[in-house]
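Let me begin by presenting the structure, written as structure tokens, before commenting on it.
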2 protein chains.
Amino acid sequence: MPATMRDVAARAGVSVKTVSNFFNGYPYMREETRARIGAAVEELDYRVNVSARSLRRGSSGMISLIVPELDQAYFAELAQEVIDAAAPLGLTVLVETTSYLRERELDALSGVHRQLIDGAIFDPLALGPDDAPDLARSLPLVIIGERQFEGLADHVLIADEEVARRVVEHLLEIGRRRILLLGAGSPGTHTAVLRRRGSVAALARAGLTPDEALFVEVDGWNRDAGARATARALESGLRFDAVFGFNDALALGAQWELLERGIAVPGDVAVAGVDDTRDARFAHPTLTTMSPGRAQIARLAVELLARRISEPTAPDGFVSVTADFELIVRDSTRSPASLASLDRRPPRQKDGLR
Amino acid sequence: MPATMRDVAARAGVSVKTVSNFFNGYPYMREETRARIGAAVEELDYRVNVSARSLRRGSSGMISLIVPELDQAYFAELAQEVIDAAAPLGLTVLVETTSYLRERELDALSGVHRQLIDGAIFDPLALGPDDAPDLARSLPLVIIGERQFEGLADHVLIADEEVARRVVEHLLEIGRRRILLLGAGSPGTHTAVLRRRGSVAALARAGLTPDEALFVEVDGWNRDAGARATARALESGLRFDAVFGFNDALALGAQWELLERGIAVPGDVAVAGVDDTRDARFAHPTLTTMSPGRAQIARLAVELLARRISEPTAPDGFVSVTADFELIVRDSTRSPASLASLDRRPPRQKDGLR
DNA sequence: TTGTAGGCGTTATCAT
DNA sequence: ATGATAACGCCTACAA
């Protein structure tokens, strides 16, 4: 029994249409009418019924964000950024979580909610080339990160190849030569392929021949997988003086495993990642990483999607924009010497006693 | 121009009602009819229009989860658990994010979406006692964690007092005597009050007089705040041999700050938190923490809410359930001696060379 | 087991 | 500047 527009109209002594106008920013209205409606709304504690509005308008003001899981800092932070970017445009974000399952990615695109949402921002992890047709005819769509579907939807891209190249160059610059590439073994996503390619390019430029043994496979891009892969590498007797995790979670997992085994970071092994999640800043040592400009990505994605929604017919040809990136050098790749000299903190002291 | 039920009916040669029955699991239908409808749905790629259904039914199958931010591991993980718990009940979760702002918490409860959602799971951080009236008359509601609104809605509680008591007892058991209580200074939330009370109780039982100076104020329950507060404490010359962060983020921030200053954890200062976020497991050293059974909390909250939604009139009196908890002892509170003996890893070895 | 009619609350059209 | 009225797509009686 919540109040309806009809109730408000009755109370304010106007027609339903006028109340509707009130809520839709229709400019031609007497100040007095406006005030009366405002009062009635207040008294009845009225709220527009979104379902009815959506039904009538044929659009809901709701977009979904399709990511594998919120347990990963990267996706959680991305979700927050997207929500924040969508709000000013009057868009509500429905976060859909897929557990890296192809079925669930497809379902998020064309399941029950397809009728509910106006469009989607999608970070595909499980879909492959075969699914392109499904993608194409689903709904207004912006794809983030993965570029294998370019031409089928708008994209916000990360310059995967350059990003990886820069990280590896940085590791080479600080004198490392045997770099474990976490995620480069039998890469599943296109992203992995590109980061691997960029890494190889950097090595080649430095005149180094890549050692295939250092291209390590991982079973997930999370900390567990990073730790496990690193453990395996160590136990197989592989020798390396740096780790490049294809994302922060992998790098942090590696770093954790190294430290657990008493291997010094960056003393014995330097570590770097990609994503600049908050976790990187609070690791110990703090983790060198590549910032992909997540806020920018979110903003671009939302804007692109909003445009695609309001322009019903695509003007043929989809847009791809690439986000800026920036290397964030932290302690995990600083030599102890430079570490000490760069440290702006008060002299280290034992404190806190027992 | 998406297909409607009418289209499907026409195509299948049945009435709209029969198609509706098909989608609502109405059992009495000839197998052949069912098959024909299924085929028509397939061919037309039909999906039920959720807005129309919601309008007609007066309910949407959507619930919201109201949390301050997804950037905090605790809330991100909670959101994932809630989404997972809601799915089997056919409920879709709309995550609403409030940035710890009172206005936005109120808005999430009674703003535009009040008409869209059937109920809400709410982790209140900014609302105070004055807002009780607003809460009471909003919508089916389950409150998580905070207990100041008991009697106004269903609650899933954390045994804050006992949780804190157990943590402090643990720190006392391992021989620590001066425990910095991060979050105990001028506590804002009821949760903080209770955790402080539990901590004091543990100290009292051990015959210790609490030192007010160790009750430290924080400006947020995140890692930054934890690090800052710890830095302040150290710089003020305060001496302590343990830190109890009222949540993992505070504890991790503290641990980070300690390590940055070359203070050994747990050698010089032991550290413990509450929440058992993934971050605790991957800290170095791994963080001792109290697991509040997040999966259980999520499940209870969703079930309670589902019940409250289906039972329109509250049978007077709201339910409060308390989640189980469990102390997870990790390296941040293990003495180096026990550490070595408990370690089930292969002997530490330098590896990874240069 | 299936069909018909009407209305859920809103907005668009067309008047006035 | 405001009002009357007809959809939007679905579900619930009620009928058959």
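Proteins get letters first, then strands, A, B, ... in listed order; numbering begins at 1 in each. Not measured: the values here are computed from a predicted model.
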Is any side-chain N or O of [X] closer than 4.0 Å to OP1 or OP2 of [N]?
{"X": "B:Ser15", "N": "C:dG3", "result": "yes"}
{"X": "A:Arg57", "N": "C:dT11", "result": "yes"}
{"X": "B:Ser20", "N": "D:dC11", "result": "yes"}
{"X": "A:Arg53", "N": "C:dT11", "result": "yes"}
{"X": "A:Thr33", "N": "D:dT2", "result": "yes"}
{"X": "A:Asn21", "N": "D:dT2", "result": "no"}

B:Lys17 side-chain proximity, nearest of C:dG3, C:dT13, C:dT10 =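 So the nucleotide nearest the side chain must be C:dG3.
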
Which nucleotide, D:dA1, C:dC8, C:dT11, lies nearest any side-chain atom of A:Arg56?
->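 Taking heavy atoms from C-beta onward, the closest nucleotide is C:dT11.
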
Between B:Met5 (CE) and D:dA7 (C1'), how many Å, whole number?
-> 18 Å

Please work out if [X] contacts a base, only the sugar-phosphate, or nothing of the nucleic acid, heavy-atom cut-off 4.0 Å.
{"X": "A:Tyr46", "result": "sugar-phosphate"}
{"X": "A:Tyr26", "result": "base"}
{"X": "B:Val16", "result": "nothing"}

Taking the side chain from B:Ser59 and the backbone from B:Gly61, do they hold a donor-acceptor pair closer than 3.5 Å?
->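 Looks like no, no N/O pair under 3.5 Å.
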
Taking atom types as modelled and ignoring hydrogens, do the side chains of B:Glu69 and B:Thr97 form a donor-acceptor contact shorter than 3.5 angstrom?
-> no

